[in-house]
Asks: 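One structure, as structure tokens, below. Some questions next.
Predicted, not measured: the structure shown is a model, and the values here were computed from it.
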Number of protein chains: 2
Amino acid sequence: MPSATDQDRIFAALANATRRELLRLLRDDGPQPVRALAEHFAMSRPSLSEHLKVLREAGLVSERRVGRQRIYRLEAAPLCEVQDWLGPYERFWRAKLASLGELLDRIPHEEAQ
Amino acid sequence: MPSATDQDRIFAALANATRRELLRLLRDDGPQPVRALAEHFAMSRPSLSEHLKVLREAGLVSERRVGRQRIYRLEAAPLCEVQDWLGPYERFWRAKLASLGELLDRIPHEEAQ
DNA sequence: TTGACGCGTAGGGAATCTCCTACTTATTTT
DNA sequence: AAAATAAGTAGGAGATTCCCTACGCGTCAA
């Protein structure tokens, strides 16, 4: 493949449970150095560094150096792009949920008889 | 790896431009047999079949046999799950866009001077 | 029934992913 | 200055991805 698009990089970054958990930690606990993040994983620290690199290259986190630490911070902008991509599909699952709703509405009626 | 979760399968399925384009075609042009889908790609048809398999295993498409054709249809429910996953991040990019908005609001003022 | 069609599966090759254990670099502490 | 700390990089093993060609299976047409 010639070159990955931004979208490719974003979706690929999200396609891994460790990386999604990293994003969640940065969201819920705020910016943190690598060491603090690493405490939540069984994985080796260098492996985690590489996951952070993937997130960085997708624009999902940013890094700022403080002494010998590197504080990682969540950058949610690329997720906005995911949201936008999702938009045109929304009516499809709304349609599904609506017809499920109708179905569920009918059950109590029948039980009431 | 022990076993991929539903989320893993969904995000991984979306992490490929060909598969996202397949979903778009099914969304915009409705349910279609493989042959019709294949016309939009330079790729070999068997390769496309495998992409469809990945989408099927993620629950993003369903298949129904009609004669010797298999009609694929978009199933958007898993995308609803993506939407839900995105929810807790929303306030982060809203915050970013808001402060960008303030910044942009200021420019015309300064130019008006 | 023979051949063409629509589609999936098998098997394989190149590239990429995900993990590891060293090792390097930069900074802080003693 | 030496040791310790924080984190990235190098290199490699094993699994997975993504593409291909060849082939098998079921269905329809001649």
Side-chain angles (χ1 to χ4, degrees), chain A residues 1-23 25-26 29-58 60-74, chain B residues 1-23 25-26 29-58 60-74:
Chain A
M1 286 289 102
S3 62
T5 64
D6 285 359
Q7 259 189 358
D8 279 333
R9 268 185 290 270
I10 295 166
F11 279 111
L14 299 180
N16 179 283
T18 300
R19 289 193 292 264
R20 289 198 305 278
E21 178 64 7
L22 281 169
L23 293 179
L25 286 167
L26 292 173
D29 305 344
Q32 299 167 60
V34 178
R35 195 132 208 338
L37 292 166
E39 279 169 14
H40 299 84
F41 300 89
M43 190 177 307
S44 78
R45 201 200 33 73
S47 295
L48 219 64
S49 265
E50 287 182 10
H51 282 302
L52 287 166
K53 185 180 183 181
V54 172
L55 291 172
R56 225 185 308 128
E57 288 174 348
L60 284 159
V61 303
S62 62
E63 169 208 74
R64 138 182 150 254
R65 296 171 198 220
V66 173
R68 56 190 162 183
Q69 298 188 130
R70 307 200 182 187
I71 313 296
Y72 279 85
R73 164 194 294 273
L74 174 66
Chain B
M1 286 287 103
S3 63
T5 64
D6 285 358
Q7 259 189 358
D8 279 333
R9 269 186 290 271
I10 296 166
F11 278 112
L14 298 180
N16 176 283
T18 299
R19 288 193 292 264
R20 289 197 305 276
E21 178 64 8
L22 281 168
L23 292 179
L25 286 166
L26 292 173
D29 304 344
Q32 299 168 60
V34 178
R35 195 136 209 337
L37 292 165
E39 280 169 14
H40 299 84
F41 299 89
M43 190 176 308
S44 79
R45 200 198 34 72
S47 295
L48 218 65
S49 265
E50 287 184 9
H51 282 303
L52 286 166
K53 184 179 183 181
V54 172
L55 291 172
R56 225 184 309 127
E57 289 175 347
L60 285 160
V61 302
S62 62
E63 169 208 74
R64 135 182 154 255
R65 296 173 196 217
V66 174
R68 54 189 162 183
Q69 298 189 130
R70 307 201 181 187
I71 312 296
Y72 279 85
R73 163 195 294 274
L74 175 66

Asks: Can you check the B/Leu22 CG to D/dC19 P distance for me, whole Å?
Replies: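 Rounded to the whole Å, the gap is 11 Å.
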Asks: May I have the distance from A/Phe41 (atom CZ) to C/dC19 (atom P), rounded to whole angstrom?
Replies: 10 Å
Asks: Looking only at atom types and distance, does a side-chain atom of B/Glu57 sit under 3.5 Å from a main-chain N or O of B/Ala13, one as donor and one as acceptor?
Replies: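 No.
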Asks: Would you please test B/Glu63 and B/Arg56 for side-chain contact (heavy atoms from CB on, under 4.5 Å) and show each step?
Replies: CA-CA 8 Å; B/Glu63 169 208 74; B/Arg56 225 184 309 127; 4.1 Å; yes
Asks: Is A/Ser44 near enough to C/dC20 that one of its side-chain N or O atoms lies under 4.0 angstrom from OP1 or OP2?
Replies: yes
Asks: Roughly, in whole Å, what's the span from CG in A/Asn16 to C1' in C/dC19?
Replies: 11 Å
Asks: Nearest whole angstrom, please: distance from the P of D/dT17 to the CD of B/Glu57.
Replies: 10 Å
Asks: For a quick check, with a 4.0 angstrom heavy-atom cut-off, what is the B/S/- contact string for nucleotides 2-11 of chain C, read 5' to 3'?
Replies: --BBSBBB-B
Asks: Given side-chain contact (heavy atoms from CB on, under 4.5 Å), test B/Leu22 with B/His51 step by step and report yes or no.
Replies: CA-CA 9 Å; B/Leu22 281 168; B/His51 282 303; 3.9 Å; yes
Asks: Starting at CG of B/Leu37, measure out to CG of B/Leu52 and round the result to the nearest 0.5 Å.
Replies: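 Rounded to the nearest 0.5 Å, the CG-CG separation comes out at 6.5 Å.
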Asks: For a quick test of reading the model, state the closest non-hydrogen atom pair linking A/Leu25 to A/Gln32 and the distance between them.
Replies: O-NE2, 3.3 Å
Asks: Note the angle between the end axes of the helix from C/dT1-D/dA30 to C/dT30-D/dA1, five pairs defining each, rounded to 10 degrees.
Replies: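 What I find for the helix from C/dT1-D/dA30 to C/dT30-D/dA1 is an axis angle of 10°.
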Asks: Hey, can you pull the donor-acceptor pairs under 3.5 Å for the side chains in residues 42-49 of chain B, sequence neighbours left out?
Replies:
residue, atom, partner, partner atom, Å
B/Ser44, OG, B/Ser47, N, 3.3
B/Ser44, OG, B/Ser47, OG, 3.0

Asks: Could you give me the CA-CA distance, side-chain angles and deciding distance for B/Arg19 and B/Val54, then say whether side-chain contact (heavy atoms from CB on, under 4.5 Å) is met?
Replies: CA-CA 8 Å; B/Arg19 288 193 292 264; B/Val54 172; 3.7 Å; yes
Asks: Answer yes or no: does a side-chain N or O of A/His51 lie under 4.0 Å from OP1 or OP2 of C/dC17?
Replies: no
Asks: Is B/Leu74 close to B/Leu60 at the side-chain level, that is, under 4.5 Å between some pair of heavy atoms?
Replies: no
Asks: Between atom CG in A/Leu55 and atom P in C/dT18, what is the gap in whole Å?
Replies: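 Between P of C/dT18 and CG of A/Leu55: 11 Å.
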Asks: Assess, by modelled atom type and distance only, whether the side chains of B/Tyr72 and B/Arg64 contain a donor and an acceptor separated by less than 3.5 Å.
Replies: no
Asks: In whole Å, what is the span from the CE atom of A/Met43 to the P atom of C/dC17?
Replies: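 Whole-Å distance recorded here is 15 Å.
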Asks: Is the phosphate of C/dT18 approached by A/Arg19 (side-chain N or O, under 4.0 Å from OP1 or OP2)?
Replies: yes
Asks: Between A/Asp8 (CG) and C/dT16 (P), how many Å, whole number?
Replies: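 That distance rounds to 13 Å.
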